[in-house]
Enquirer: 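Got a structure for you, written out below as structure tokens; questions coming shortly.
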There are 4 protein chains.
Amino acid sequence: MMKSIDYYRKNPKQARSQATVDAILEAAARILQAEGPRAATTNAIARLAGVGIGTLYQYFPDKNAILITLARQELALTGEAVNAGMSPPMDAGENVDPLRVSIHALIQGFKGRLRTRKALIEALIANGLTEELTFPVDLAMKEVLAAGTEGGDAGGSGMTPVKAYVLTRAIVGVIRSAAMEETAYFGTQEFEDELVKLAHGLMAV
Amino acid sequence: MMKSIDYYRKNPKQARSQATVDAILEAAARILQAEGPRAATTNAIARLAGVGIGTLYQYFPDKNAILITLARQELALTGEAVNAGMSPPMDAGENVDPLRVSIHALIQGFKGRLRTRKALIEALIANGLTEELTFPVDLAMKEVLAAGTEGGDAGGSGMTPVKAYVLTRAIVGVIRSAAMEETAYFGTQEFEDELVKLAHGLMAV
Amino acid sequence: MMKSIDYYRKNPKQARSQATVDAILEAAARILQAEGPRAATTNAIARLAGVGIGTLYQYFPDKNAILITLARQELALTGEAVNAGMSPPMDAGENVDPLRVSIHALIQGFKGRLRTRKALIEALIANGLTEELTFPVDLAMKEVLAAGTEGGDAGGSGMTPVKAYVLTRAIVGVIRSAAMEETAYFGTQEFEDELVKLAHGLMAV
Amino acid sequence: MMKSIDYYRKNPKQARSQATVDAILEAAARILQAEGPRAATTNAIARLAGVGIGTLYQYFPDKNAILITLARQELALTGEAVNAGMSPPMDAGENVDPLRVSIHALIQGFKGRLRTRKALIEALIANGLTEELTFPVDLAMKEVLAAGTEGGDAGGSGMTPVKAYVLTRAIVGVIRSAAMEETAYFGTQEFEDELVKLAHGLMAV
DNA sequence: GATGAATGAGTGTTCATTCAT
DNA sequence: GATGAATGAACACTCATTCAT
């Protein structure tokens with residue numbers, strides 16, 4: 001059930017191969033976004049990618065692999081953006097809030113493609129890879145906690161594993177719920193503002 | 001694709017009919033929980049319900065109707081339990097926390113059938129009935145806010161739809177994430193305690 | 001790998017069901033004979049049987065099951081005919097040779113459909129059911145040996161599994177080879193005569 | 001479907017070419033033996049042979065050609081061995097039985113690779129080249145008959161074409177059946193002994 | 001000559017739904 | 001009203017073969 005990292009068939013080192021792989025992944029993302037998961041058949045993905053169905057299967061062992069690869073790729077991108085937000089450059093102004101930047105990155109994840117995000121979350125869960133889902137935030141959480149106690153007095157004041165768990169899931173949970181429900185609030189400034197407030201409140205323990 | 005709200009109204013008044021409908025709904029819920037959405041075929045549901053597939057189609061126009069009806073039913077039950085928690089009887093002791101009772105109800109929701117819950121939420125979303133999903137909890141939210149500011153000065157000052165949305169999803173999101181990830185924390189007292197604390201913090205705006 | 005006896009999905013007790021099953025089996029046999037194994041796709045079988053592909057899958061769990069069922073059926077029929085030949089009725093004339101009758105039955109086996117016979121034998125082998133293939137003829141072999149030594153002195157002295165194997169395969173092998181090579185001799189009286197002589201020779205050890 | 005006899009003549013005269021051809025044929029034989037016919041895809045053969053799939057198609061017009069060439073090659077080798085056994089050197093001891101030597105060669109054919117043998121027999125039959133299958137034995141049979149009547153009285157005493165046909169097919173048929181059924185007896189000393197006995201019996205008419 | 005990325009017709013199989021009994 | 005046999009569009013996936021490099 002648990003798939004290895006190099007789940008796909010061949011390491012696409014050559015430029016051409018990489019372009020093909022990218023075309024397939026982008027096609028999958030686009031169909032997911034535009035027509036939903038039911039329309040994302042392997043044949044439809046291949047057609048939109050402009051490759052034969054056989055070519056698709058030369059790069060991915062099965063349909064799941066496409067979705068998982070896509071999910072990991074988007075998750076990695078989001079994770080990087082979130083972490084970048086946590087470590088602002090020295091010359092950043094006083095009024096740059098790392099938390100806001102990171103939450104913004106979190107919301108903007110998956111290129112803002114909400115339905116794609118939903119479908120990929122589903123795919124990861126359906127394949128028993130739920131833990132990968134929280135990877136970007138778990139990483140960021142550690143940084144936050146470290147930074148938060150940096151110049152402070154008592155280290156993890158009252159911070160327990162369960163508390164940390166609840167806090168991170170509160171933030172991610174709001175975003176995930178919003179994504180799953182495809183709410184209209186998603187992506188609005190007010191939504192982001194409220195999330196930032198929530199995060200700050202939680203940080204204060 | 002978008003179905004009208006009362007798409008599935010078919011008031012089976014006779015007792016026998018009602019028993020058949022109930023059997024079908026319970027069968028669906030059980031399969032969803034035990035074997036997942038892919039196993040919940042109409043034939044499997046009919047078989048477990050002890051009726052012919054034709055009979056099933058005499059009570060429900062299509063498969064979606066079964067899931068939607070079931071979702072509404074479970075949602076209503078959970079909503080009632082949550083609301084009941086919000087309005088403690090007069091003779092309840094001082095130390096009864098309505099929020100705690102409601103959150104407990106939320107955790108226990110859908111008869112504890114997590115997989116069924118997930119599948120039904122999906123069904124509702126997939127059928128463009130997202131608003132039904134939020135209605136019960138939004139209702140409860142209003143009660144909480146009202147109750148919370150009861151003895152206070154300014155009522156729900158500053159409460160906006162988005163803020164309410166974020167607050168409710170924070171709580172629900174934690175529960176949903178925990179369920180999905182099958183964390184060991186789920187169901188522990190400490191988990192519930194932290195959630196209650198989180199909720200109280202959020203209430204304080 | 002080893003399939004249970006009641007490999008198929010439902011015991012077709014009703015006349016209609018039985019007719020459908022028979023139609024599917026007969027269609028499979030016909031395609032096998034006329035166009036070879038590669039043409040015997042599930043869709044082609046269903047089409048010739050005059051049923052939908054879904055109906056086919058209501059009676060057989062997969063393609064293999066069709067071939068295995070057909071093989072067993074034909075094998076049973078041939079086995080019965082061979083065994084019947086071995087046990088001539090009391091009022092049969094002196095000049096009725098059980099061996100000849102059985103060999104005749106063997107040649108006529110599988111309704112004379114040679115290509116079907118070959119494909120079904122393959123199917124049984126490919127499914128690890130090789131022993132079923134030999135059972136009927138091995139059974140007949142025992143009867144022959146018993147009958148042959150009936151009035152003699154020493155019973156089946158020196159008969160070993162390998163010897164029995166070689167003897168049965170000599171007879172069956174001639175028939176199979178002749179069928180495969182589509183020799184003009186196949187079906188002639190002289191061919192049968194020579195086979196009977198061969199068999200008698202082999203019996204004498 | 002029916003291919004002409006010299007369908008696959010492509011005389012690769014250069015040494016390098018010959019090495020490539022041999023590598024492909026040996027790879028095919030090995031996969032057939034180790035993993036069965038389903039695994040013997042053209043891509044798999046090319047990979048094991050250490051050549052590109054394109055190269056494979058430069059030497060063989062299609063997949064069938066590989067199997068047929070391999071079959072003919074093995075058959076020719078077996079035929080030579082069988083014939084060599086029939087003509088023992090003058091200095092061979094009295095107790096050298098030509099029939100035993102030849103039957104041994106027949107059994108050892110295809111380098112003892114039973115599954116390969118089975119698959120190649122299939123390939124030949126499937127391509128309407130069944131008659132080639134008996135070529136080694138037909139050749140040997142003539143020699144036997146000639147030798148048998150050499151110093152004898154009446155030439156082919158009672159030997160008719162049909163009788164000869166039945167006799168040769170009895171021997172080949174046992175081996176072929178054994179190969180097709182992948183019996184465990186195949187290759188044992190006892191199996192060979194019984195076959196030799198059978199052959200001697202048949203020779204005696 | 002050698003290569004291997006690309007191809008797509010074709011396969012076995014599923015399952016929501018219908019309708020004659 | 002109840003039934004379940006029948007349906008067939010649709011899906012994921014394979015592999016012999018081609019051809020531009």
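Scope of the values below: all heavy atoms of this structure, side chains included, with no hydrogens, waters or symmetry mates. A note on names: the letters A, B, ... follow the listed sequences, proteins ahead of strands, and every chain is numbered from 1.
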Enquirer: What integer distance in Å separates Ile66(B):CD1 from dC15(E):P?
Expert: 15 Å

Enquirer: Could you work out which one of dA6(E), dT3(E), dA16(E) sits closest to the side chain of Gln58(A)?
Expert: dA6(E)

Enquirer: Show the nearest heavy-atom pair for residues Leu67(C) and Leu32(C), with the distance to one decimal.
Expert: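 Minimum heavy-atom contact is CD2-CD2, 3.9 Å.
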
Enquirer: Kindly compute the distance separating CZ (Arg30(B)) from CD (Glu26(B)), expressed to the nearest 0.5 Å.
Expert: 4.5 Å

Enquirer: Examine dT14(E): is either OP1 or OP2 under 4.0 Å from a nitrogen or oxygen in the side chain of Tyr57(C)? Give yes or no.
Expert: no

Enquirer: Can a side-chain donor-acceptor contact be found between Tyr59(C) and Thr20(C) if the only test is distance below 3.5 angstrom?
Expert: no

Enquirer: Taking any strand in view, what nucleotide pairs with dT21(F) in a Watson-Crick or G-U wobble way, both distances under 3.5 Å?
Expert: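 Across all strands, the one nucleotide that pairs with dT21(F) is dA2(E).
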
Enquirer: With nearest nucleotides of DNA chain F determined for Ala40(A) and Val51(C) from heavy-atom distances, which residue corresponds to the more 5′ nucleotide?
Expert: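 Result: Val51(C).
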
Enquirer: Rounded off to whole Å, could you give me the CD-to-P distance for the Gln18(D) and dG1(E) pair?
Expert: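 It is 15 Å, rounded to the nearest whole Å.
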
Enquirer: Separation of Leu56(D) atom CG from dG1(E) atom P, in whole Å?
Expert: 15 Å

Enquirer: What's the CG-P distance between Asp62(C) and dT11(E), to the nearest Å?
Expert: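 Computing the Asp62(C):CG to dT11(E):P distance gives 17 Å.
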
Enquirer: Can you find a side chain N or O atom of Tyr59(D) that sits less than 4.0 Å from OP1 or OP2 on dA2(E)?
Expert: yes

Enquirer: Go nucleotide by nucleotide along DNA chain F from the 5' end; which of Lys63(A) and Lys63(D) gets its closest nucleotide reached first?
Expert: Lys63(A)

Enquirer: To the nearest Å, give me how far apart CG (Asn64(C)) and P (dT11(E)) are.
Expert: 16 Å

Enquirer: Categorize Thr41(C) for me: base, sugar-phosphate, or nothing, with a 4.0 angstrom heavy-atom threshold over every strand shown.
Expert: sugar-phosphate

Enquirer: Considering every strand shown, what is the Watson-Crick or G-U wobble mate of dC13(F) when both distances are under 3.5 Å?
Expert: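 The answer is dG10(E), by the H-bond criterion.
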
Enquirer: Is any side-chain nitrogen or oxygen of Thr42(B) closer than 4.0 Å to OP1 or OP2 of dT17(E)?
Expert: no

Enquirer: Quick one: Ile45(B) CD1 to dG4(F) C1', roughly how many Å, whole number?
Expert: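 It is 17 Å, rounded to the nearest whole Å.
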
Enquirer: Using the side-chain heavy atoms of Asn43(B), tell me which of these nucleotides is nearest: dC13(F), dT17(E), dG4(E).
Expert: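 Comparing dC13(F), dT17(E), dG4(E) against the side chain of Asn43(B), the answer is dT17(E).
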
Enquirer: How close or far is atom P of dA16(E) from atom CZ of Arg38(A), stated in whole angstroms?
Expert: 10 Å

Enquirer: Taking the nucleotide of DNA chain E with the nearest heavy atom to each, does Ile53(D) or Gly50(A) sit closer to the 5' end?
Expert: Ile53(D)

Enquirer: Does dT3(F) have its OP1 or OP2 closer than 4.0 Å to a side-chain nitrogen or oxygen of Thr55(B)?
Expert: yes

Enquirer: Checking Arg117(B) against Glu122(B) for the salt bridge (charged side-chain N to carboxylate O under 4.0 Å, His left out) test, could you report, in this order, the C-alpha distance in whole Å, the side-chain angles of both residues, the deciding distance, and whether it holds?
Expert: CA-CA 9 Å; Arg117(B) 180 195 286 225; Glu122(B) 300 276 281; over 6 Å; no

Enquirer: Tell me whether Asn127(C) contacts the main-chain N or O of Leu129(C) through its side chain, where contact means a donor paired with an acceptor under 3.5 Å.
Expert: no

Enquirer: Expressed as a whole number of angstroms, how long is the span from Phe60(D):CZ to dT18(F):P?
Expert: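 About 16 Å, once rounded to whole Å.
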
